[in-house]
Colleague: 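Attaching a single structure in structure tokens format; questions to follow.
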Amino acid sequence: MLRGKALPASTHDQRLLDTRGSVDWLHQDPWRVLRIQAEFVEGFGLLAELGPAVSVFGSARLRPGSPHYDLAERVGRGLARAGYAVITGGGPGIMEAGNKGANEDGMSVGLGIELPFEQELNSHLDIGISFRYFFVRKTMFIKYSQAFVVLPGGFGTLDELFEALTLVQTGKITRFPIVLVGTEFWSPLMDWFRGTLAAEGVISPDDPDLLYLTDDPEEVVRMITEAHREGGRRLEERAALEAAEEEAGT
Ligand SMILES: CC(C)=CCNc1ncnc2c1ncn2[C@@H]1O[C@H](COP(=O)(O)O)[C@@H](O)[C@H]1O
């Protein structure tokens with residue numbers, strides 16, 4: 001309820017119907033909420049029936065010919081052949097390589113981001129969506145994939161890695177393997193986790209074990225499928241135990 005001086009100078013109807021007015025309001029936060037909502041609706045709608053999927057992250061800057069590009073392509077192919085859709089940021093570099101590998105044998109998805117410079121989704125996609133908001137896009141990666149594979153990359157890649165790691169560490173997502181590909185690139189980070197973060201007591205000693213580390217695309221697929229199989233088995237065991245307890249009246 002609004003009274004007296006709190007009353008606005010015009011009504012919602014007036015502002016809707018008066019097309020001659022200023023359009024500054026288009027850029028105000030209440031309107032943005034609807035755009036944000038629209039991005040969620042579009043993303044949820046397009047991805048709802050995707051099936052099992054793995055997100056592949058890595059540098060936008062590495063080009064064909066780089067060993068990491070080649071590795072990402074092989075990872076994408078392996079995941080697709082194992083029945084996983086591959087989701088990337090839809091851009092160039094490692095993202096493009098992951099999509100390219102997946103495209104022939106499975107579903108290839110790109111969740112792009114609007115950037116200050118012109119940027120197109122790569123051409124190896126079955127489903128491509130461009131987001132305005134980073135946080136909406138990040139929700140899609142987490143919601144629609146069951147594992148993250150992280151190849152060498154810069155700040156964008158680290159942001160995606162640390163978000164998933166925090167969600168797993170705090171129990172917000174479970175049965176969610178995170179695989180780092182590129183032992184030479186990632187080992188210094190793992191050493192820092194153990195030698196500094198765990199040693200200083202700012203993470204638990206076993207937190208670094210939340211990450212798998214490998215150079216082998218086949219092992220990436222094996223680690224993910226085994227983690228999912230193991231997680232599924234544990235869920236079934238728990239359900240059976242609960243059913244038995246219920247039957248016994250305990
Ligand atoms: C050439 C160039 C800089 C293009 C940027 N174009 C991009 N298009 C889509 N996703 C991106 C882009 N840049 C960063 N990202 C996101 O951040 C990660 C890569 O960032 P970086 O290059 O490691 O830090 C990707 O996994 C992706 O999800």
Side-chain angles (χ1 to χ4, degrees), residues 39-40 42-43 46-47 50 53-80 84-103 107-168 173 176-190 192 211-213 217 220 224:
E39 289 213 327
F40 275 115
E42 191 194 358
L46 278 168
L47 299 174
L50 189 61
V54 173
S55 289
V56 174
F57 298 108
S59 171
R61 301 170 190 229
L62 295 175
R63 297 287 166 232
S66 137
H68 300 314
Y69 186 102
D70 179 53
L71 203 51
E73 198 176 330
R74 289 163 63 203
V75 167
R77 188 169 303 116
L79 288 167
Y84 291 103
V86 170
I87 308 179
T88 77
I94 296 295
M95 296 171 267
E96 175 190 286
N99 288 131
K100 195 171 166 193
N103 204 201
M107 190 66 93
S108 175
V109 182
L111 307 181
I113 184 75
E114 185 186 279
L115 294 168
F117 44 89
E118 203 176 328
Q119 160 89 54
E120 284 190 5
L121 290 169
N122 72 59
S123 56
H124 305 281
L125 304 176
D126 298 300
I127 300 175
I129 313 174
S130 269
F131 291 89
R132 278 198 178 94
Y133 297 98
F134 255 116
F135 61 91
V136 178
R137 174 178 180 262
K138 285 168 86 180
T139 304
M140 302 298 152
F141 283 122
I142 296 282
K143 185 167 167 57
Y144 292 104
S145 54
Q146 285 80 52
F148 274 13
V149 176
V150 191
L151 283 110
F155 291 160
T157 303
L158 293 174
D159 175 48
E160 285 149 353
L161 166 63
F162 281 103
E163 171 163 60
L165 205 45
T166 308
L167 291 171
V168 174
I173 46 177
F176 197 96
I178 306 173
V179 187
L180 302 178
V181 184
T183 46
E184 204 182 320
F185 185 89
W186 293 113
S187 288
L189 183 72
M190 294 299 287
W192 185 62
L211 294 159
Y212 300 91
L213 184 59
V220 172
I224 292 173

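Order of listing sets the numbers, starting from 1, for every ligand and every atom in it.
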Colleague: To check your reading of the model: name the closest protein heavy atom to atom 11 (C) of ligand 1, its residue, and the distance in Å.
Modeller: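 Sorting protein heavy atoms by distance from atom 11 (C) of ligand 1 puts Met95 CE, 3.6 Å first.
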Colleague: What about Thr157: any of its N or O atoms under 3.5 Å from an N or O on ligand 1?
Modeller: yes
Colleague: So for atom CZ, which belongs to Phe155, do other residues, nucleotides or ligands contribute more than 12 heavy atoms lying within a distance under 6.0 Å?
Modeller: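 It does not: Phe155 CZ has 12 such atoms or fewer within range.
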Colleague: Examine ligand 1 and decide if any of its atoms is less than 4.0 Å from a heavy atom belonging to Gly58.
Modeller: yes
Colleague: Counting from 1, what ligand 1 atoms have a heavy atom of Phe57 closer than 4.0 Å?
Modeller: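 Per the distance check, 26 (O).
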Colleague: Taking only heavy atoms of Gly154, which atoms of ligand 1 are found under 4.0 Å from at least one of them?
Modeller: 21 (P), 23 (O), 24 (O)
Colleague: With Pro217 as reference, evaluate Asp70, Val181, Val75 under the side chain to side chain contact (heavy atoms under 4.5 Å, CB included) test and give the passing residue.
Modeller: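 The single option meeting the side chain to side chain contact (heavy atoms under 4.5 Å, CB included) with Pro217 is Val75.
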Colleague: Write out the residue and atom name of the closest protein heavy atom to atom 5 (C) of ligand 1, then the distance separating them to 0.1 Å.
Modeller: Gln119 OE1, 3.3 Å
Colleague: Quick one: are Leu62 and Leu151 in side-chain contact, heavy atoms under 4.5 Å?
Modeller: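 They are not in side-chain contact.
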Colleague: Pick one of side chain, backbone, both or neither for how Arg137 approaches ligand 1, counting any non-hydrogen atom pair under 4.0 Å.
Modeller: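 For Arg137, only side-chain atoms sit under 4.0 Å from ligand 1.
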Colleague: Among protein heavy atoms, which sits nearest to atom 8 (N) of ligand 1, and what does the distance come to when rounded to 0.1 Å?
Modeller: Gly91 CA, 3.8 Å
Colleague: Would you mind listing which atoms of ligand 1 come within a distance below 4.0 Å of any non-hydrogen atom of Ser59?
Modeller: 22 (O), 23 (O)
Colleague: Determine the sole option in Val149, Leu167, Leu211 for which the side chain to side chain contact (heavy atoms under 4.5 Å, CB included) test with Ile178 is passed.
Modeller: Leu211
Colleague: Which protein non-hydrogen atom lies closest to atom 24 (O) of ligand 1, naming both residue and atom, and how far is it?
Modeller: Gly156 N, 2.9 Å
Colleague: For atom CZ of Arg61, is the number of surrounding heavy atoms from other residues, nucleotides or ligands below 6.0 Å larger than 12?
Modeller: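 Not more than 12 within 6.0 Å, no.
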Colleague: Calculate, to the nearest 0.5 Å, the distance between atoms CD1 and OG belonging to Ile173 and Ser145 respectively.
Modeller: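 If we round to the nearest 0.5 Å, Ile173:CD1 and Ser145:OG are 8.0 Å apart.
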Colleague: Looking at Ile129, Leu111, Ile87, Val109, which hits side chain to side chain contact (heavy atoms under 4.5 Å, CB included) with Met140?
Modeller: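 By the side chain to side chain contact (heavy atoms under 4.5 Å, CB included) criterion, Met140 pairs with just one of Ile129, Leu111, Ile87, Val109: Leu111.
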Colleague: Which atoms of ligand 1 sit under 4.0 Å from any heavy atom of Leu115?
Modeller: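 It comes down to these atoms of ligand 1: 5 (C), 6 (N), 7 (C).
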Colleague: Please write down residue, atom name and distance for the protein heavy atom closest to atom 9 (C) of ligand 1.
Modeller: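 Result for atom 9 (C) of ligand 1: Gly89 O, 3.2 Å.
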Colleague: Measure up the His68 and Phe185 rings against each other and bin them: parallel (under 30°), tilted (30 to 60°), perpendicular (over 60°).
Modeller: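 Ring orientation, 0 to 90° scale: perpendicular.
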Colleague: Quick one: side-chain hydrogen bond (donor to acceptor under 3.5 Å, both in side chains) pairs with a partner in residues 85-95, sequence neighbours left out?
Modeller: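 Applying side-chain hydrogen bond (donor to acceptor under 3.5 Å, both in side chains) to every pair that reaches into residues 85-95, excluding sequence neighbours, yields Thr88-Asn99.
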Colleague: Among protein heavy atoms, which lies nearest atom 3 (C) of ligand 1, and at what distance?
Modeller: Phe117 CZ, 4.0 Å
Colleague: Checking a contact table here: which protein heavy atom is nearest atom 28 (O) of ligand 1, and how many Å away?
Modeller: Glu160 OE2, 2.4 Å
Colleague: Check whether any side-chain heavy atom of Leu161 lies under 4.5 Å from a side-chain heavy atom of Leu180, and answer yes or no.
Modeller: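 Sidechains of Leu180 and Leu161: in contact.
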Colleague: Does the N or O separation between Val56 and ligand 1 drop below 3.5 Å for any pair?
Modeller: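 No, since none of the N or O atoms of Val56 sits under 3.5 Å from an N or O of ligand 1.
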Colleague: Check each atom of ligand 1 against the heavy atoms of Gly153 and keep those under 4.0 Å away; list them by number with element.
Modeller: 23 (O)
Colleague: Give the residue, atom name and distance (to 0.1 Å) of the protein heavy atom nearest atom 2 (C) of ligand 1.
Modeller: Ala60 CB, 3.9 Å
Colleague: Measure the spacing between CD of Glu96 and CD of Glu73 and express it to the nearest 0.5 Å.
Modeller: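 Going from CD on Glu96 over to CD on Glu73, the span is 9.0 Å.
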